[in-house]
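Because the structure is a prediction, the values reported are computed rather than measured. One-based numbering, in listed order, for ligands and for the atoms of each.
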Amino acid sequence: MCYAIPGKVVELNGRHAVIDYFGERRQAYTDLTRPSPGDYVYAQGGFVIQTVPAQEALAILADWQELFFRLQQTDQKLAQRKRTLHEQANAVRQQFQGNSCCVHGILEFSNYCRNNCLYCGIRKDNRKLQRYRMSEQEILQAVEYAVNQLGFRALVLQSGEDFWYSEAKLCRIVREIRARFSVLIFLSLGERPRATYHKLYEAGARGALIRFETSDAEQYKKIKPESTLADRLGLIKDLRDLGYLIISGFLMGLPDPTAGVAQSGPRGQNGRNVLADIKRTAESGAEMFSFGPFIPHPETPLAAARGPRLATVLNAIAQARLMYPTAKILVTTALETLDPAQGARAGLMAGANSLMINITPQKYRRLYEIYPNRAGVEDDTPKRIDKLLELLHALGRAPTDIGVS
Ligand code: SAM
């Protein structure tokens, strides 16, 4: 997961391969893996990540073909209703993005952070939190399990801003993962020098998950005192220029810390600036939008604030879909936390088409407490995958980034 479907390379155009999937053609970069015409390959996020022996590919395609078109029919049927905002957004998602649903794994390898973001449970000043760092060996073992046992083909490596992982150490980890596993690597490390991200790209990372949190520079200064919105947006632009696929977005419902914690205040988020934040996400060049609700953590200065309701988050997803029909829009774990039973389903039916599954080893997962009671923290990962596949099949979605529209 993303379960890539193998496709056949029908043409090579400079750095691109043209790949055929059940008659539909897509382009993918070939700088990670160089296929020849006629090869079967897995592509992920627009990159060819692996060539597959023809016999194996044909067997997988035979299995998929029937299921793929059955799922497509279910999706089309469910997307016919267009009365409510969510139904309209779902119809647009179906029309422009087909039934594909990216499912990335996320590995949270350290909960140390040098920052003191007012909203975040792993902020430096939370002395009550037990801290952990995964060793290089542990990271590689977790990736091995996720790729070889669970079938993930795109993984996000996330941590607090933890400079114990030096540039050299991070490059070694990325290089080692790329050498051993066919997987697309996204980094979510926070702010590092552009030169470091350049080296990490050369080591084989191709994606970056980095939110700008709020597009209001004044509010940003208050809630994220160690950095500025301009620096954060500048870094996102640099990452895009370096060639990274960007996942970005914001924190919905962040309060104004100076206006009384339970209110949004003049620098808190409201309907108008949700739209500004959605626009800013698109302007950042993000290929995947990630915006989730702020959930207060008891050991932060915003402990007494209130986060947004599920309906508010779902409406924002629907608005984002109507504004940007071709975006990938994530159902965040925070959204699922607001309603562990129905949150994912509701998000997918309001215009979203991507998800992440936590693959952090159990003993560390509960310590990555950016907010309390995160959905999925106690779940056994294979069971969580089964449950998610059940949901995707019921909704007619194919857990791959190749959709048929
Ligand atoms: N250090 C990296 C960075 O700065 O991007 C990644 C780790 S950071 C903990 C990942 C994301 O967690 C942040 O971008 C933020 O939006 C989200 N987050 C932190 N505290 C949260 C809270 N209380 N509720 C919801 N999301 C939160």
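The number of heavy-atom neighbours closer than 6.0 Å to CZ of R309, taken from other residues, nucleotides and ligands shown, is 12 or below. The local environment of CG in N13 is crowded, with over 12 non-hydrogen atoms from other residues, nucleotides or ligands closer than 6.0 Å.
Relative orientation of the F186 and H104 rings is tilted, given thresholds of 30° and 60° on the angle between their planes.
Screening residues 90-102 for salt bridge (Lys or Arg N to Asp or Glu O under 4.0 Å) gives D75-R93 as the qualifying pairs, with residues at least two apart or on separate chains.
For the pair R232 and Y220, the NZ or CZ position fails the cation-pi test of under 6.0 Å to the six-membered ring centre and within 45 degrees of the ring normal.
Closer than 4.0 angstrom to ligand 1 sit non-hydrogen atoms from Y119, C120, Q158, S159, G160, E161, S188, L189, G190, R211, E213, R232, L251, P293, F294, I295, Y368, I370, Y371.
Residues R211 and S290 bring a donor and an acceptor atom of their side chains to less than 3.5 Å of each other.
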